Amino acid sequence: MKRSKLYKKFISAGIAAACVLSLAGCGGKGGDGKGTPQGESKEDGKDFVYVAEFQTVDTENVSTSVLSGDTLYYLDGNYNEETEEYIQKIGKIKIGETTPEVLPITIEPNNYVNSMIVEEDGNLLTVINRSEGEGDNWKNVCYLIRYAPDGTELFNQDVTFLGEGMENFYIQGMAEDSQGNIYICGGESNIWILDKEGNKAGEMTADNWINSIFTMPNGNVAVTYWGNEGGMVVNEIDPATKKLGKIYKNLPDAYNGFTAAGENMLLMSGNNKVYAYDITAETSEELVNWINCDVDSDYVRSVSMLEDGRIFAVSVDWSEEKSKTEFIYLTKKPASEVVEKEVITLGTMYIDQEVKRSVIEFNKTNQKYRIEVKEYGADDWEAGRTQLNNEIISGAGPDIIDLTYSSVDLYIAKGILEDLNPFVDGDAEIKREDYVETAFSAYEREGKMYGIVPSFMLSTVVGKTSDVGSEPGWTIDDVMALKASKPEGTELFGYGTKDSALRYCCTTALDSFIDWETGECKFDDGYFEKVLEFANTFPKESQWSEEDDSVPTKIQSGRLLLQELGISNMESYQMHAMMYGEPITFIGFPTNGGTGSYIQAATSLGINSKAKAKEGAWEFLRTFLLEDYQNNNIRWNFPSLRSALDAQFEEAMEQEYYENENGEKVKQPKTTWSYDDWEAEIYAATQEEVDAVKHLIDIVDGVMTNNEEINNIITEEAAAFFEGQKSAKDVADVVQSRVKIYVNENR
């Protein structure tokens, strides 16, 4: 068998040429929104950006990489389907060079290098896992092996003994201090110290599950974990006492890639950013925003500081069939050297993976505009949500608004969102009739379109047709009648509480209580009182118990009637249909009219009516509606383009086969889904099943919206009724008054 080469080639043009079309300013300070490159900071007198340069590497399957001086050591490997063996190799490459070198180190097939560090003398210290035994007597063993640069094995010791008495022993990471002591963490919070010869020299336990282990600038080893007072901490190990010592606090929200970077500095990556942490002052500074550098942080495997001050990262993109490895170099340069583009800000609570990828692709290809992302919920969700709302309402908000977690009807009522109809009508590639009507019109109000929904799932309630009937939609009276018809102890929905029942019947359907156009509210017409009385029949706290039967068992025995269901593909529908074992109906959430089923946008975007570059904002939004995105980027939800949705349904109906020993074609499941202790093999969907989902898409009541302020008013006031302090009518009157004031103040 011919051994495959570690690298086929590097891009021959080299690093600089690879970056001509992808230079990206990505400093830690934001631009001024008027074309100033990201990274310029007039406040502190600095005038710089970090410029990203990319070097694409043709590899097989890079997993771990370690930077030592000016050389990167890495693990590469692939699985051979013919021999059923996974082979790993260790290679190295000098920073800036184009020719890698495969080290003459032999790693036996199906052995896995768990951790690797490069020692001062150039030796490589590795932890290797492998399975040993025969028949049914197999066990995982861990070996600590040291290799010389020429591949000679210098040291080999079984260290499985460290986990003696532990049920789930594994080695998570390894580091070495300046004295040559070896520190291994594993299990959950365990740390073991070995001397140079591999003899056990100490053992300790951290206060929590260990996130990472690394060598500090002073040569000592430290671990990171979630501190008892909240937030990630760095806990240094005292080599003299061999116990946990100094704790460093005030770390940024970054949990990946802690590395020493200078005499008193740690470099860390996470939350789409790179931070520098001063261990003397215990303060941090944001250096880089990955998104604004055209880098997807989900693929960044390691971050280091080169001796010349450049930030170096290794990125491995696993999203395609063949992984793509890139070396990323971030160089600090004067902002004046970077070509300026008009900056468009995108405000979001949490950046969705597909939106992130779209931002990066747009920034790499658009010559006029650049999207910069502000993630408001990254550090504190509630504080971020308040900040986002306040900025938008005050007129200082982002140009593009992620509507997924927003109070959309409030924004529409206040005139915050731009009508997208003129952009749609003027776009030669986008035709309304090509899209799923309920998704495309999800944010239409009074003939105006305020947002796009590129992909979606369906939020509904499912029950047996024999229990709820065949027609979607029901009221609170219908729900209470169903409950009254069943034996005592029958659950309507699993482990329901007063608050969850209130949400189930009310806060999921706020539109049925509020008219944002007129400011009218309907909490005092008697229906909301019925909702309160219904919710009050549930316990205050969940009655879940480990001794309970599973949800599928309860459903099949008739002791659990309803399931709140999110349908994002045919398989999720098929699983629940099989779980019930008889015809089901998408009955929906109880409402005072309508089907009670909703579109739940996976991503939804709108344009701020005060945005300065509305044409540029639309250039970005439209990319989500084009065929390329709809056909290739939506993996876990329904696409809004009808042709892409039809293709998804057709694929779901394609039966898969295997050939048995007699050469006969036999149907095989497309996948297997499990729920608690129940499992179902999912075969090709039938036309009847597809038609059922298509029909639900066509009859939904609209998009599920969210308004935390109104939800909080409802739950706050309902508590007085649940505690017996007020009548249902009194609570309904107070809710009516408070919500009406809120709605009219914000119209």
Side-chain angles (χ1 to χ4, degrees), residues 64 66 68 112-130 139-147 153-229 232-249 251 255 257-260 263-264 266 268 277 279-280 282:
T64 300
V66 180
S68 177
Y112 300 89
V113 179
N114 174 283
S115 301
M116 178 175 70
I117 58 178
V118 183
E119 299 180 304
E120 286 189 1
D121 54 9
N123 294 331
L124 269 69
L125 189 64
T126 63
V127 171
I128 293 182
N129 293 341
R130 68 169 174 254
K139 66 175 182 177
N140 286 323
V141 295
C142 300
Y143 288 86
L144 185 66
I145 304 177
R146 177 179 284 119
Y147 296 99
E153 188 177 288
L154 303 176
F155 172 85
N156 187 324
Q157 179 169 314
D158 185 343
V159 292
T160 312
F161 71 91
L162 295 174
E164 187 176 353
M166 296 178 62
E167 184 176 352
N168 296 310
F169 171 68
Y170 63 92
I171 290 178
Q172 180 182 346
M174 174 177 61
E176 192 174 56
D177 67 18
S178 58
Q179 301 174 25
N181 295 309
I182 304 162
Y183 297 72
I184 292 174
C185 66
E188 290 183 353
S189 56
N190 302 88
I191 307 165
W192 298 275
I193 305 177
L194 307 177
D195 62 20
K196 293 180 180 180
E197 286 71 41
N199 301 307
K200 186 176 177 182
E203 181 177 353
M204 67 203 74
T205 303
D207 290 341
N208 213 328
W209 182 84
I210 294 173
N211 174 269
S212 64
I213 186 168
F214 64 97
T215 305
M216 296 278 286
N218 61 8
N220 293 341
V221 168
V223 293
T224 62
Y225 55 84
W226 192 261
N228 293 330
E229 299 175 4
M232 191 68 69
V233 299
V234 171
N235 201 164
E236 189 173 346
I237 301 172
D238 187 334
T241 63
K242 293 182 172 55
K243 294 181 180 180
L244 289 165
K246 180 175 176 54
I247 293 179
Y248 299 88
K249 301 180 180 180
L251 270 70
Y255 308 142
F258 290 78
T259 56
E263 187 175 341
N264 297 305
L266 295 179
M268 55 192 72
Y277 179 81
I279 61 177
T280 302
E282 296 189 36

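Quantities reported herein were computed from a predicted structural model and do not represent experimental measurements.
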Q: Answer whether the closest heavy-atom distance between the side chains of Asn114 and Cys142 falls below 4.5 Å.
A: no
(Q) Applying side chain to side chain contact (heavy atoms under 4.5 Å, CB included) to Glu236 and Ile279, what does each step give before you reach the verdict? (A) CA-CA 11 Å; Glu236 189 173 346; Ile279 61 177; over 6 Å; no
Q.
Quick one, Val234 with Phe214, criterion side chain to side chain contact (heavy atoms under 4.5 Å, CB included). Give me CA distance, side-chain angles, the key distance, then yes/no.
A. CA-CA 10 Å; Val234 171; Phe214 64 97; 4.0 Å; yes
Q. For Val221 and Asn181, what are the C-alpha separation, side-chain angles and deciding distance, and is it a side chain to side chain contact (heavy atoms under 4.5 Å, CB included)?
A. CA-CA 9 Å; Val221 168; Asn181 295 309; over 6 Å; no
Q) With no hydrogens and no angle check, is any side-chain donor or acceptor of Asn208 less than 3.5 Å from a backbone partner on Trp226? A) yes
Q.
Whether the side chain of Thr215 engages the backbone of Ala175 through a donor-acceptor N/O pair (distance < 3.5 Å, no angle test) should be reported.
A. no
Q: Pick out which of Asn156, Leu154, Leu124 makes a side chain to side chain contact (heavy atoms under 4.5 Å, CB included) with Arg146.
A: Leu154
Q | Pairwise distance OG(Ser115) to CD1(Ile182) - rounded to 0.5 angstrom | A | 12.0 Å
Q) Using the ring of each side chain (for Trp, its six-membered ring), is Tyr248 parallel, tilted or perpendicular to Tyr277, with breaks at 30° and 60°? A) perpendicular
Q.
Run the side chain to side chain donor-acceptor pair (under 3.5 Å) test against Tyr225 and tell me which residues pass, sequence neighbours left out.
A. Asn235
Q | Student check: side-chain heavy atoms of Met174 and Ile213 closer than 4.5 Å | A | no
Q.
Among residues at least two apart in sequence or on other chains, which ones pass side chain to side chain donor-acceptor pair (under 3.5 Å) with Ser68?
A. none
(Q) Other residues, nucleotides and ligands only: do more than 12 of their heavy atoms fall within 6.0 Å of NZ on Lys243? (A) no
Q. Would you find a donor on one side and an acceptor on the other, under 3.5 Å apart, between the side chain of Asn264 and the backbone of Thr280?
A. no
Q: May I ask you to decide if Val118's main-chain N or O and Glu176's side chain share a donor-acceptor pair within less than 3.5 Å?
A: no
Q: Could you pull out the closest heavy-atom pair between Lys242 and Met204, with the gap in Å?
A: O-CE, 3.1 Å
(Q) Is it the case that the side chain of Thr126 and the backbone of Met116 share a donor-acceptor pair, with hydrogens and angles ignored and the cut-off at 3.5 Å? (A) no
(Q) Between Leu194 and Val159, is there a side-chain heavy-atom distance shorter than 4.5 Å? (A) yes
Q: Keeping the roles fixed (side chain from Ser189, backbone from Thr205), state whether a donor-acceptor pair exists under 3.5 Å.
A: no
Q: Kindly indicate whether the side chain of Leu244, heavy atoms from C-beta on, has any atom under 4.5 Å from the side chain of Ile191.
A: yes
(Q) Show me the pairs that pass salt bridge (Lys or Arg N to Asp or Glu O under 4.0 Å) and involve residues 207-229, at least two apart or across chains. (A) Glu229-Lys249
